[in-house]
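Below is one structure; the comments refer to it alone.
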Amino acid sequence: WVATNIDSTLPTDRGMAPGNGALVSAVRAAVSVDPVVVGKPHTPLYDLSVAVLGTSIERTLAIGDRLDTDIMGASAAGMDSLFVFGGVHRWSDVVGAQPTARPRYVATDLRSLHLAYAEPVQDLKDRSRWVCGEATAWVSAPGDLVVSATGTLNERLRAALTALWHAGDVGDGPIDARGGDGAALCDELDMAVTHGS
């Protein structure tokens with residue numbers, strides 16, 4: 001038997017609900033046979049999508065709101081991914097993501113597809129700072145996130161996330177996603193996703 005995906009939960013307008021993975025687990029327990037999983041985080045459906053679209057892996061973008069299935073599946077297929085908020089995984093999850101579960105692109109939601117994508121870059125004068133459009137972010141010596149008030153939410157989000165990932169990758173300890181300006185940024189992100197602003 002075949003499973004299209006193994007997402008354990010899915011977001012609904014009433015909160016989290018059991019996802020396809022919960023049903024797959026029930027059937028697996030009943031038949032004592034593991035399914036062939038063709039979808040996220042496995043690569044067959046990613047490969048099929050590329051073939052059906054007539055594109056290449058390099059010119060195809062996977063979009064998802066789950067790091068452990070959508071984004072890891074794209075990474076396993078060698079495909080760029082866009083993570084959008086509003087699903088199962090939140091700000092703290094994305095900050096704490098291991099490199100294989102990190103998306104290539106990040107946006108508040110699908111409406112961002114209609115906007116030009118500002119890319120975070122390291123400040124050449126101060127390597128601890130990251131600049132994205134009009135926003136800047138860095139992690140202070142005590143480990144707190146500092147984010148400028150300038151720039152769009154997407155720009156501040158991308159600069160902050162890149163600064164936190166960089167600090168976590170080169171530092172010795174865990175990074176607090178809600179430290180410093182992280183809590184306010186997380187709250188603003190939740191508000192924007194919830195209210196569509």
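Note that the coordinates shown come from a computational prediction; the quantities given were computed from them, not determined experimentally.
The two residues T43 and G73 have their closest heavy-atom pair at CG2-O, 4.1 Å. The shortest non-hydrogen separation linking L61 to L82 is CD1-N, 3.8 Å. Here the closest heavy-atom approach between residue L67 and residue A101 is recorded as CD2-O, 3.3 Å. Across all non-hydrogen atoms, the minimal contact from T12 to A17 is CG2-CB, 3.8 Å. Shown here for W1 and V24, the closest heavy-atom pair between the two residues is CH2-O, 3.5 Å. Across every non-hydrogen atom of E119 and Y105, the tightest pair is OE1-CE2, 4.0 Å.
The existence of a salt bridge linking R178 and D187 is confirmed by a sub-4.0 Å separation between a basic side-chain nitrogen and an acidic carboxylate oxygen. Look at K125 and D123 and you find no salt bridge, because none of the NZ, NE, NH1 or NH2 atoms lies under 4.0 Å from a carboxylate O.
Contact annotation: the side chain of D190 approaches that of R90 to within less than 4.5 Å [non-hydrogen atoms, C-beta and beyond]. Residues K40 and L45 have side chains not in contact (no heavy-atom distance under 4.5 Å, counting atoms from C-beta outward). At least one side-chain heavy atom of L161 sits less than 4.5 Å from a side-chain heavy atom of V94. Residues E155 and S148 form no side-chain contact, since every pair of their non-hydrogen atoms from C-beta on lies 4.5 Å or further apart. Taking 4.5 Å as the limit, some side-chain heavy atom of D65 sits within range of a side-chain heavy atom of P11. Between D169 and H166, every side-chain heavy-atom pair lies at or beyond the 4.5 Å cut-off. When side chains are defined from C-beta on, D144 does not count as touching D181, because their heavy atoms never get closer than 4.5 Å.
Here the side chain of R129 pairs no donor or acceptor atom with the backbone of W138 at under 3.5 angstrom. A donor-acceptor pair is defined here as one N or O able to donate and one able to accept, closer than 3.5 Å; such a pair exists between the side chain of T162 and the backbone of R158.
There is a path of hydrophobic side-chain contacts, each under 4.5 Å, that joins L164 to I71.
In this pair, W91 and F85 present their aromatic rings tilted. The plane angle is within the 30 to 60° band.
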